[in-house]
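Positions are given from 1, in the same order as the sequence printed here.
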Amino acid sequence: MRYEVSTALTPEEVFERASAHFGPQGFGLEITSQDESSLVFEGGGGYVAITPHPGDKTTVELETREWDRAVEQFMRQVH
């Protein structure tokens with residue numbers, strides 16, 4: 001499933017919040033790919049891919065399999 005949300009956060013802040021939410025201290029997913037433009041977590045038979053696009057507001061694209069509820073929670077936190 002694909003999602004999109006706009007936020008006042010910078011892409012770096014989005015990555016920090018995503019790491020706290022989906023990573024070991026959150027849902028326990030493992031970061032399997034990370035660069036300046038995207039972050040991918042995997043675990044529990046699924047994945048979450050996050051791609052923020054800077055602008056007046058940062059547009060965050062999220063793609064997931066098996067983690068829709070966690071993605072929806074994250075979107076509420078950053079919106």
Q) Other than V40, what residues sit in its cluster of Ile, Leu, Val, Met, Phe, Trp and Tyr side chains whose heavy atoms are under 4.5 Å apart, directly or through others? A) none
Q. Applying the side chain to side chain contact (heavy atoms under 4.5 Å, CB included) test to S19, which of V14, I50, L39 qualifies?
A. L39
**Q.** Pairwise distance CD(E4) to CG(L62) - rounded to 0.5 angstrom
**A.** 9.0 Å
Q: Supply the atom-to-atom distance S38 OG to E61 CD, rounded to the nearest 0.5 angstrom.
A: 10.5 Å
Q: For residues 28-57, pull every pair meeting salt bridge (Lys or Arg N to Asp or Glu O under 4.0 Å), keeping only residues two or more places apart or in separate chains.
A: none
**Q.** Pairs satisfying ring-ring contact (aromatic ring centres under 6.0 Å, His included), at least one member in residues 31-60, at least two apart
**A.** F22-F41
**Q.** Counterpart residues, salt bridge (charged side-chain N to carboxylate O under 4.0 Å, His left out), relative to R2 (two or more places apart)
**A.** E63
Q) Which atom pair, heavy atoms only, marks the closest approach of P52 to S37? A) CD-O, 3.7 Å
Residues 70-79 side chain polar contacts: donor-acceptor under 3.5 Å, at least two apart:
residue: E72; atom: OE2; partner: Y3; partner atom: OH; Å: 3.3
residue: Q77; atom: NE2; partner: H21; partner atom: ND1; Å: 3.4
residue: H79; atom: ND1; partner: S6; partner atom: O; Å: 3.2

Q.
Is it the case that the side chain of W67 and the backbone of G43 share a donor-acceptor pair, with hydrogens and angles ignored and the cut-off at 3.5 Å?
A. yes
Q: Can you sort out the partners of E13 under side-chain contact (heavy atoms from CB on, under 4.5 Å), two or more places apart, ordered by chain and number?
A: L9, T10
